Amino acid sequence: MDQLVAEESMETPSNQNTTEQSSRPSRKGGFRTMPFIIVNESFEKVASYGLMPNMIFYLMNGYHIETANGTSILFMWSAISNALAIVGAFLSDSFLGRFWVIALGSFSSLLVSIL
């Protein structure tokens, strides 16, 4: 009987460790994802600021829009693209998950820059 109790007490700590490890979810996100977000935002800002002068020249020469109207159009484009970050945050937190939203946002930003 004493041997049976001793065996049970020896098995209990290892079973608890296994149970604790399996019930604990794997850590995703956090500070490990910060470099990816910072690099993504940096490239997006560099691309948008690089496109602005080219777009104003294109609006002026290709569509014969005056400088003031072209600047207004580019301001609205910039404001809408910056405001859509709030929509992306809402979708990320509510429905899609942060990794899918970052992937979709990066792809759509690349697609718009190519177009």
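Side chains included, hydrogens not; waters and symmetry mates left out as well; all remaining heavy atoms used. Just so it is clear, the structure is predicted and the values come from calculations on it, not from any experiment.
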Tabulate below the donor-acceptor pairs under 3.5 Å that side-chain atoms of residues 56-75 make, not counting sequence neighbours, or state none.
| residue | atom | partner | partner atom | Å |
| --- | --- | --- | --- | --- |
| Asn61 | ND2 | Phe57 | O | 3.4 |
| Thr71 | OG1 | Thr67 | O | 2.7 |
| Ser72 | OG | Ala68 | O | 3.1 |

same_hphob_cluster(Ile86, Met76) at 4.5 Å side-chain heavy-atom cutoff: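 No, Ile86 and Met76 fall in different hydrophobic clusters.
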
Indicate if Val87 and Leu96 have the same hydrophobic cluster label, given that clusters are the connected sets of ILVMFWY residues with side-chain heavy-atom separations under 4.5 angstrom.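 Yes, because Val87 and Leu96 connect within a single hydrophobic cluster, where side-chain heavy atoms sit under 4.5 Å apart.
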
Any residue meeting side-chain contact (heavy atoms from CB on, under 4.5 Å) with Ser81, in chain and number order, not counting sequence neighbours: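 Ser81: no side-chain contact (heavy atoms from CB on, under 4.5 Å) contacts found.
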
Quick one: hydrophobic cluster around Ile114, which other residues, with the 4.5 Å side-chain cut-off, linked directly or via members?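 Other cluster members: Leu110.
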
Shared-cluster residues of Val112, by chain and number - hydrophobic side chains joined below 4.5 Å: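 Besides Val112, the cluster holds no residue at all.
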
Identify every side-chain donor-acceptor pair in residues 42-52 under 3.5 Å, counting partners at least two apart or on other chains, and give the distances.
| residue | atom | partner | partner atom | Å |
| --- | --- | --- | --- | --- |
| Ser42 | OG | Ile38 | O | 2.7 |
| Lys45 | NZ | Asn82 | OD1 | 3.0 |
| Ser48 | OG | Glu44 | O | 3.3 |
| Ser48 | OG | Lys45 | O | 3.1 |

With sequence neighbours excluded, residues passing side chain to side chain donor-acceptor pair (under 3.5 Å) with Ser108: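 Checked Ser108 against side chain to side chain donor-acceptor pair (under 3.5 Å); zero matches.
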
